[in-house]
A.B. asks: 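Below you'll find the structure I mean.
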Amino acid sequence: MALKIASWNVNSLRVRLEQVIQWAQSTSPDLILLQETKVTDDDFPIAAISAAGYHAVIQGQKTYNGVAILATRAISAYPLELPEILTQEQRICATLVDDVLVINVYVPNGSEVGSEKYAFKLNWLEAFTTLVQTLLEQHPKIVIAGDFNIAPEDRDVYDAETWHEAILCSSPEREALQGLFMLGFADSFRLHHPEGERYSWWDYRAAAFRRNRGLRIDLTLISSPLIPACTAADIDPTPRAWERPSDHAPTTAEFN
DNA sequence: ATGGTGGACGATCCA
């Protein structure tokens with residue numbers, strides 16, 4: 001069962017709808033995990049998504065956040081039992097593809113180190129890791145993809161000195177991510193790419209993309225039984241150069 | 001030099 005799973009923080013699905021469809025047609029992923037759809041379920045552009053050949057699981061809200069999974073095959077929402085901190089904002093949805101549980105996440109940004117939002121981010125990550133630990137008992141094969149809002153290591157950051165202990169890079173955030181690695185998860189991109197200067201997000205300001213001043217904060221983590229099956233993982237920066245782009249690039253991971 | 005951009009929404013909040 002070959003499977004290509006893509007993830008993309010689109011920063012408003014309504015604005016980026018045509019880009020998502022165009023990129024899907026050129027890349028042909030079986031699943032596309034979207035973050036920051038910024039659309040309520042009532043306003044989700046289901047007709048255009050259907051016309052492009054995709055089914056959808058949606059978990060939206062007004063103005064902020066919102067996630068969705070698009071799939072070439074029929075899918076249904078996996079019934080997650082979430083603690084209260086994970087239900088305050090729409091940041092998680094999941095679906096089962098054969099024996100693989102695919103989880104789409106939009107981890108809180110955290111604003112700045114030491115802020116209230118930062119504490120929320122760390123508490124959110126702790127609750128999420130506990131959830132994943134429980135899910136592993138029923139589902140040894142889990143893919144968690146999305147915008148983690150954490151650059152795992154300094155090689156994932158364009159200027160590690162500037163970003164030292166800053167938001168997206170601070171030690172407590174990286175240690176929280178380590179909690180998932182300790183459950184046996186691997187960063188699929190790093191299984192195939194040891195090199196630096198490969199990023200998934202570039203600030204809209206100060207020509208950050210043109211200068212490749214980015215961070216790799218969009219990750220696809222795979223549980224240990226999936227590691228031998230992961231044949232490729234990559235980041236596609238081309239849509240970031242399109243007119244009116246998202247600030248994130250789509251990423252992919254492939255399995256045989 | 002504390003900027004600079006973009007989305008949602010309709011004054012700011014969030015990233």
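Reminder, nothing fancy here: chain letters follow the sequence lines and each chain counts from 1. Worth saying up front: this structure is predicted, and the values here are computed from it rather than measured.
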A.B. asks: Does atom CD of A/Glu126 have more than 12 heavy-atom neighbours from other groups under 6.0 Å away?
C.D. replies: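 Incorrect, the count does not exceed 12.
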A.B. asks: Could you check how far CD of A/Glu116 sits from P of B/dC14, rounded to whole Å?
C.D. replies: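 The answer, rounded to whole Å, is 11 Å.
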A.B. asks: Can you tell me if A/Arg73 uses its side chain to pair, donor with acceptor, with the backbone of A/Tyr54 under 3.5 Å?
C.D. replies: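 Absent.
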A.B. asks: Strictly below 4.0 Å: does A/Arg244 bring a side-chain N or O up to OP1 or OP2 of B/dT5?
C.D. replies: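 No.
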A.B. asks: Heavy atom of residues 201-213 of chain A under 4.0 Å from DNA chain B: which residues?
C.D. replies: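 Close to the strand are A/Tyr204, A/Arg205.
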A.B. asks: Look at A/Lys141 together with A/Asp99 and state whether they make a salt bridge at an N to O cut-off of under 4.0 Å.
C.D. replies: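 Between A/Asp99 and A/Lys141 there is a salt bridge, with a charged N closer than 4.0 Å to a carboxylate O.
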A.B. asks: Starting at NZ of A/Lys62 and ending at C1' of B/dA8, how long is that distance when rounded to a whole Å?
C.D. replies: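 It works out to 8 Å between those atoms.
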A.B. asks: Let me know, please, whether A/Arg14 or A/Ser111 comes out on the 5' side of the other along DNA chain B by nearest nucleotide.
C.D. replies: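 Final value for this comparison: A/Arg14.
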A.B. asks: Give the rounded distance in Å between these two atoms: CG of A/Asn65 and P of B/dA15.
C.D. replies: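 Result: 7 Å.
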A.B. asks: Would A/Trp23 and A/Trp8 count as a close aromatic pair, with their ring centres under 6.0 Å?
C.D. replies: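 They qualify: ring centres under 6.0 Å apart.
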A.B. asks: Measure the distance from CG on A/Asn11 to P on B/dG6 and round it to the nearest whole Å.
C.D. replies: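 Roughly 11 Å, once rounded to whole Å.
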A.B. asks: Donor-acceptor pair, A/Ser246 side chain versus A/Asn9 backbone, under 3.5 Å?
C.D. replies: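 Yes: the side chain of A/Ser246 pairs with the backbone of A/Asn9.
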A.B. asks: Please state how far atom CD1 in A/Ile167 lies from atom P in B/dC14, giving the value in whole angstrom units.
C.D. replies: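 Nearest whole value for this atom pair: 14 Å.
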A.B. asks: When the distance from CD of A/Gln90 to P of B/dC14 is rounded to whole Å, what number comes out?
C.D. replies: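 Going from A/Gln90 (CD) to B/dC14 (P), I get 17 Å.
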A.B. asks: Determine, for A/Arg174 against A/Asp156, whether the closest basic-nitrogen to carboxylate-oxygen distance falls under 4.0 angstrom.
C.D. replies: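 No, no charged N to carboxylate O under 4.0 Å.
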A.B. asks: Taking the C1' atom in each of B/dG4 and B/dA15, what is the distance between them to the nearest angstrom?
C.D. replies: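 Here B/dG4 and B/dA15 have their C1' atoms 14 Å from each other.
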A.B. asks: Between A/Lys117 and B/dC14, is there a side-chain N or O to OP1/OP2 distance below 4.0 Å?
C.D. replies: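 Yes, because at least one side-chain N or O of A/Lys117 sits under 4.0 Å from OP1 or OP2 of B/dC14.
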A.B. asks: Given atom OH of A/Tyr64 and atom P of B/dA8, what is their separation to the nearest angstrom?
C.D. replies: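 About 11 Å, once rounded to whole Å.
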A.B. asks: Starting at CG of A/Asp147 and ending at P of B/dA15, how long is that distance when rounded to a whole Å?
C.D. replies: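 Nearest whole value for this atom pair: 10 Å.
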A.B. asks: Keeping the roles fixed (side chain from A/Thr27, backbone from A/Pro29), state whether a donor-acceptor pair exists under 3.5 Å.
C.D. replies: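 Not at all, since once roles are kept as given, no pair shorter than 3.5 Å links the two residues.
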A.B. asks: Both A/Lys38 and A/Pro108 contact DNA chain B. Which one's nearest nucleotide lies toward the 5' end?
C.D. replies: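 Counting from the 5' end, the first nearest nucleotide belongs to A/Lys38.
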